[in-house]
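Residue numbers begin at 1 in each chain, while the letters A, B, ... track the order of the sequences.
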Amino acid sequence: MDFSTELINWYHNNKRDLPWRNTTDAYIIWLSEIILQQTRVEQGMPYFYRFAERYPTVTAFAAANEDEVLRLWQGLGYYSRGRNMLKTAQLVQEKYNGVFPVKYDELIKLKGVGEYTAAAISSFSANEPRAVVDGNVYRVLARYFGIDEPINSPKGKKIFQQMANQMLNKEQPAVHNQAMMEFGAMLCKPKNPACGICPVRIGCVAFKTNATAWLPVKLKTVKIRKRFFNYMLISDGQKMLMNKRGEGDIWANMYDLPLIETPSLLDPVEVLHLPQMNVFGRNITLKDNSAIIKHILTHQHLFIRFFVLKDLPEEIPVNWFYADVNDLENLALPKPIFIFIKYFFNF
DNA sequence: AAAACGGGGAG
DNA sequence: CTCCCAGTTTT
């Protein structure tokens, strides 16, 4: 049996029952694929149900607004995915009359749809012979063929895409692609792969040379920047001063408290003489009578200190507004802001 | 070619 | 702590 057949057999006996596998509706598949970009299945699952229920069709999605989409997306990260989804839904509604495209060449033009996602949607919904290359596929191919070319270099990406194309079972591309990814996720895992029960270990270079631990090779490029955010919770206990973030930085278009970014955290005692607070809880440590949260992003470590002010200014900057605590459910908040406000207002 | 973009879970 | 997750876009 060839490689693809082995994996497909394995897949039929071991696959998880995932909701987006029970349909060929390109819209539903698109929904799942965008949500699952750089996101584990367990983390994305509740968001998939949430979006599929709220927007059963691309037409329904196209009728949404950005605030609403971002609020539904809150907590999932990489928020440009949500913003791009709305643009794409609206384009599909207008240009394609609400019929979601299924051809790779059309899909690849859509905002937020790259090579992987276009291959996934076209193969899953219409059996177009396009090989997907996601993190799982990189790993499976790198190990099976013993390829040490970095998977995140442009050269490596090209090589692995070509290999995946060559491996593709053109009789059943959809199942082949699912099998490759499921195999990578469940058996050929990053750590402690289950080589003992692997159906293709006989032909696997990494298994034969005991190289699974260091394959695939990945260039590390991440430079972590430290940033210091001083947030002002200006509130009378019922409403608080907020504004909407712009684009060009993290959390684009989400709602934010007044923010002072400084080279290091402001000292609450010396710099400000504010009503002191007594806050502690999840991810919050008490220091110098103000709350500090360390929030970790891929390229940034945020050190966040919250100050509480009880005097509400009458004159506030343009575009700022007072948000009632009961209206927060309609506002997309960055995770650390949400955690703090949730604690502070005790909901 | 490199950097930016979230948040969470596993080891 | 490090690595990685059904990647894409921007610089």
Side-chain angles (χ1 to χ4, degrees), chain A residues 15-16 18-21 29-48 70 73-85 87-88 107-121 123-124 131-140 150-158 160-161 164 174 177-186 188-193 213-214 216-225 227 245 247-254 282-283 293-302 332-339:
Chain A
K15 65 178 178 181
R16 292 168 289 183
L18 304 176
W20 44 85
R21 285 183 178 155
I29 293 168
W30 166 74
L31 208 54
S32 70
E33 292 301 337
I34 302 296
I35 287 173
L36 291 171
Q37 287 169 0
Q38 292 292 285
T39 304
R40 285 167 297 102
V41 166
E42 314 83 71
Q43 189 185 1
M45 188 82 78
Y47 288 85
F48 170 77
L70 286 177
W73 201 273
Q74 178 178 295
L76 192 56
Y78 285 160
Y79 296 93
S80 65
R81 291 182 291 171
R83 292 186 280 118
N84 284 334
M85 277 186 111
K87 292 177 192 164
T88 289
L107 291 162
I108 196 68
K109 299 175 187 168
L110 303 175
K111 278 282 188 187
V113 176
E115 284 186 58
Y116 162 77
T117 305
I121 300 174
S123 65
F124 298 158
V132 297
V133 184
D134 74 334
N136 295 305
V137 177
Y138 278 121
R139 186 168 55 254
V140 171
I151 61 173
N152 56 343
S153 70
K155 182 182 175 187
K157 287 181 181 176
K158 190 170 295 182
F160 281 96
Q161 180 69 60
N177 281 336
Q178 292 282 9
M180 288 284 285
M181 291 194 288
E182 190 76 341
F183 177 76
M186 306 296 289
C188 196
K189 299 175 294 181
K191 307 288 182 188
N192 305 318
W214 57 272
V217 173
K218 198 172 190 174
L219 263 32
K220 50 180 63 177
T221 55
V222 197
K223 284 184 317 192
I224 295 174
R225 178 164 59 125
R227 298 176 73 179
R245 295 179 62 83
E247 305 198 12
D249 197 357
I250 57 174
W251 304 324
N253 296 359
M254 297 175 77
R282 178 175 173 276
N283 284 345
I293 295 178
K294 182 177 182 183
H295 188 70
I296 298 176
L297 308 179
T298 302
H299 292 80
Q300 304 180 19
H301 284 188
L302 307 182
L333 304 174
K335 193 68 175 182
I337 308 297
F338 181 74
I339 290 174

Looking for any heavy atom pair under 4.0 Å, which part of the strands does [X] touch: base, sugar-phosphate only, or nothing?
| X | result |
| --- | --- |
| A:Gly114 | sugar-phosphate |
| A:Glu115 | sugar-phosphate |
| A:Thr117 | sugar-phosphate |
| A:Asp249 | sugar-phosphate |
| A:Leu110 | sugar-phosphate |
| A:Leu76 | base |
| A:Gly184 | nothing |
| A:Trp251 | sugar-phosphate |
| A:Val113 | sugar-phosphate |

State, to 0.1 Å, how close A:Gln43 and A:Gly75 come at their nearest heavy-atom pair, and which atoms those are. NE2-O, 4.3 Å

Do you know the tightest heavy-atom contact between A:Ala164 and A:Ala131? O-CB, 3.4 Å

Length of the [atom1]-[atom2] vector between [X] and [N], whole Å:
| X | N | atom1 | atom2 | answer |
| --- | --- | --- | --- | --- |
| A:Asn136 | C:dG7 | CG | P | 7 Å |
| A:Met186 | C:dA6 | CE | P | 10 Å |
| A:Arg225 | B:dA4 | CZ | P | 7 Å |
| A:Ile296 | C:dC4 | CD1 | P | 17 Å |
| A:Lys87 | C:dT8 | NZ | P | 16 Å |
| A:Gln300 | B:dA4 | CD | C1' | 8 Å |
| A:Lys191 | C:dT2 | NZ | C1' | 7 Å |
| A:Ile34 | B:dG6 | CD1 | P | 15 Å |

Proximal nucleotide (of [options]) relative to the [X] side chain:
| X | options | answer |
| --- | --- | --- |
| A:Lys111 | C:dA6, B:dC5, C:dT10 | C:dT10 |
| A:Arg40 | C:dT9, C:dC5, B:dA4 | C:dC5 |
| A:Glu182 | B:dG6, C:dA6, C:dG7 | C:dA6 |
| A:Arg139 | C:dA6, C:dC3, C:dC5 | C:dC5 |
| A:Gln37 | C:dT8, C:dT10, C:dA6 | C:dT8 |

Verify the contact: side-chain N or O of [X] to OP1 or OP2 of [N], cut-off strictly under 4.0 Å; return yes or no.
| X | N | result |
| --- | --- | --- |
| A:His295 | B:dG7 | yes |
| A:Tyr79 | B:dG7 | yes |
| A:Gln38 | C:dG7 | yes |
| A:Lys335 | B:dG8 | yes |
| A:Lys220 | C:dC3 | yes |

Under 4.0 Å between a Lys/Arg side-chain N and an Asp/Glu carboxylate O for A:Arg139 and A:Asp134? no

With distance as the sole criterion, do the side chain of A:Thr39 and the base of C:dG7 form a donor-acceptor contact below 3.5 Å? no

Distance-only donor-acceptor test (3.5 Å): side chain A:Gln43, base B:dG8: no

Say you pick atom P in B:dG6 and the same atom in C:dT10; how far apart are they, in whole Å? 13 Å

Integer angstrom distance from the C1' of C:dA6 to that of B:dG11: 22 Å

Is a side-chain donor-acceptor pair under 3.5 Å present for A:Thr39 with A:Arg81? yes

A:Gln37 and A:Tyr116: side-chain donor and acceptor closer than 3.5 Å? no

By nearest heavy atom, map A:Thr298 and A:Lys223 onto DNA chain B; which one lands nearer the 5' end? A:Lys223

Whichever of A:Met254 and A:Lys189 has its nearest DNA chain B nucleotide further upstream toward 5': A:Met254

Can you say whether the rings of A:Tyr138 and A:Phe160 are parallel (under 30°), tilted (30 to 60°) or perpendicular (over 60°)? perpendicular

Just say parallel, tilted or perpendicular for the rings of A:Phe48 and A:Trp20, cut-offs at 30° and 60°. perpendicular

On DNA chain C, check which nucleotide each of A:Leu36 and A:Ile224 is closest to and give me the residue with the more 5' one. A:Ile224

Whichever of A:Lys157 and A:Pro190 has the more 5' nearest nucleotide on DNA chain C, that residue is A:Pro190

Where the side chain of A:Gln74 meets the backbone of A:Leu333, is there a donor-acceptor pair that is under 3.5 Å apart? yes

